Amino acid sequence: MDDRIRRNMPLFSMSIVGELTGLTARQIRYYEEHQLVQPERSKGNRRLFSFNDVEKLLEIKALLDKGVNLAGIQHVLQMKENEASVEVAETQTPETDYKKPDLSDDELRKLLKQGLFSAGKHGKTSIIQGELSRFFH
DNA sequence: TTTCTCACA
DNA sequence: TGTGAGTA
C-alpha cells in the first residue's frame, strides 16, 4: 500500500545494519535493550531491522556525537513518536507525511521545556553540560 | 558462518 | 563497551 509498510519491513541482519550505521553489534543490541529500537525477530531469534530501525540508529549515532546520552535520546525518540502520531491524526497531507525527522535546535528546545531533566534526578542531567549551555542564554 | 545470550577483565 | 564461551 504505502511507504509506511515498506519502511517497517524487517529486512536487514545485524551485519548489514552494522555496516549501514557504523555501529557494532554490541551497541545495536544495547540500544535495543534500552528501547531505542524495536527490531523484529525471525528465524532462530535473529534480529531483523527495517528501514525505520536503520534510520533511528543513524539518528542515535548522530545524537551520540552531539553529546546526548542514552537517556536523552530516549526522550528525543519518544517525542518524535508523539509528533508522528499527531501528524497522522491531524491531516494526511503528502507533503508532511514522511518528512525527514531531523533533530533541530527547535526540537531540542521543546524537549527541554517538556521537563527532559526529570530523568536526571540521580545527580546529573540527561544531557551533557556542553549541549545544555546552548539553551541557557 | 553468523547471530544470540550471558557473563566478566 | 569489548570480548569470549557455547548454542542454534
Side-chain angles (χ1 to χ4, degrees):
Chain A
M1 203 188 248
D2 58 356
D3 289 342
R4 180 138 43 178
I5 290 180
R6 276 174 285 220
R7 292 173 70 79
N8 286 303
M9 287 200 295
L11 304 170
F12 312 112
S13 64
M14 262 299 327
S15 57
I16 299 299
V17 177
E19 274 192 64
L20 252 38
T21 65
L23 297 167
T24 66
R26 181 73 181 79
Q27 288 177 297
I28 297 172
R29 297 192 188 105
Y30 184 69
Y31 300 152
E32 180 190 8
E33 284 185 66
H34 290 268
Q35 318 294 302
L36 271 50
V37 290
Q38 301 82 42
E40 301 287 318
R41 289 306 183 117
S42 166
K43 277 201 171 177
N45 198 36
R46 266 81 232 258
R47 267 169 266 254
L48 289 180
F49 301 83
S50 67
F51 281 102
N52 276 329
D53 293 324
V54 173
E55 217 172 277
K56 262 188 189 175
L57 287 170
L58 287 173
E59 235 184 286
I60 293 170
K61 189 187 170 192
L63 256 37
L64 247 28
D65 287 336
K66 274 179 169 278
V68 181
N69 62 192
L70 284 192
I73 293 174
Q74 289 185 318
H75 287 270
V76 173
L77 261 33
Q78 181 186 313
M79 184 196 75
K80 284 184 174 303
E81 285 179 9
N82 291 333
E83 278 193 353
S85 311
V86 174
E87 241 180 57
V88 175
E90 283 183 350
T91 71
Q92 282 283 354
T93 58
E95 306 103 287
T96 60
D97 239 7
Y98 305 114
K99 64 180 180 182
K100 284 293 178 190
D102 289 331
L103 178 69
S104 65
D105 283 7
D106 193 66
E107 288 176 308
L108 267 181
R109 262 177 218 289
K110 276 196 261 178
L111 268 181
L112 294 174
K113 292 197 174 185
Q114 287 180 3
L116 183 65
F117 302 123
S118 60
K121 58 198 171 202
H122 312 304
K124 58 180 182 179
T125 54
S126 302
I127 297 178
I128 67 169
Q129 297 284 318
E131 191 69 14
L132 287 178
S133 63
R134 296 166 54 197
F135 306 96
F136 288 155
H137 294 164

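These numbers come from a predicted model, not from an experiment. So that the names make sense, note that chain A is the first sequence line, chain B the second, and so on, each numbered from 1.
Follow the hydrophobic side-chain contacts under 4.5 Å out from A:Phe51 and you reach A:Ile28 in the same cluster. There is no path of hydrophobic side-chain contacts, each under 4.5 Å, that joins A:Leu48 to A:Tyr30.
Put simply, A:Ser13 has a side-chain N or O that comes within less than 4.0 Å of OP1 or OP2 on B:dT3. At B:dT3, one or more side-chain N or O atoms of A:Ser15 fall inside 4.0 Å of OP1 or OP2 (strictly under the cut-off).
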Going through the checks in order, is the salt bridge (Lys or Arg N to Asp or Glu O under 4.0 Å) test met by A:Arg6 and A:Asp3? CA-CA 5 Å; A:Arg6 276 174 285 220; A:Asp3 289 342; 2.9 Å; yes
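Atom CD of A:Glu33 and atom P of C:dG2 are 14 Å apart (whole Å). At whole-Å resolution of the value, CD1 in A:Ile16 and P in B:dT2 are 11 Å apart. The OH-P distance, from A:Tyr30 to B:dC8, rounds to 18 Å in whole Å.
In secondary-structure terms, DNA chain B builds stems of at least 3 consecutive Watson-Crick or G-U pairs, each pair having both distances under 3.5 Å, at B:4-8 with C:2-6.
Side-chain contact between A:Leu36 and A:Ile73 is present, with heavy atoms from C-beta onward closer than 4.5 Å. Using a 4.5 Å cut-off on side-chain heavy atoms (C-beta onward), A:Leu11 and A:Phe49 make no contact.
Between the A:Glu19 side chain and the A:Ile16 main chain, no donor and acceptor come within less than 3.5 Å of each other. Put simply, the side chain of A:Ser50 gets close to the backbone of A:Arg7: a donor and an acceptor are under 3.5 Å apart. In this structure a side-chain-to-backbone donor-acceptor pair under 3.5 Å is missing from A:Arg4 to A:Asp2.
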For nucleotides 4-6 of chain B, give me every protein contact, N/O to N/O, under 3.5 Å, one pair per line with atom names.
unit_1, atom_1, unit_2, atom_2, d
B:dC4, OP1, A:Arg47, N, 3.0
B:dC4, OP1, A:Arg47, NE, 2.8
B:dC4, OP2, A:Arg29, NE, 2.9
B:dC4, OP2, A:Arg29, NH2, 2.7
B:dC4, O3', A:Asn45, ND2, 3.1
B:dT5, OP1, A:Arg41, NH1, 3.3
B:dT5, OP1, A:Arg41, NH2, 3.1
B:dT5, OP2, A:Arg47, NH2, 2.3

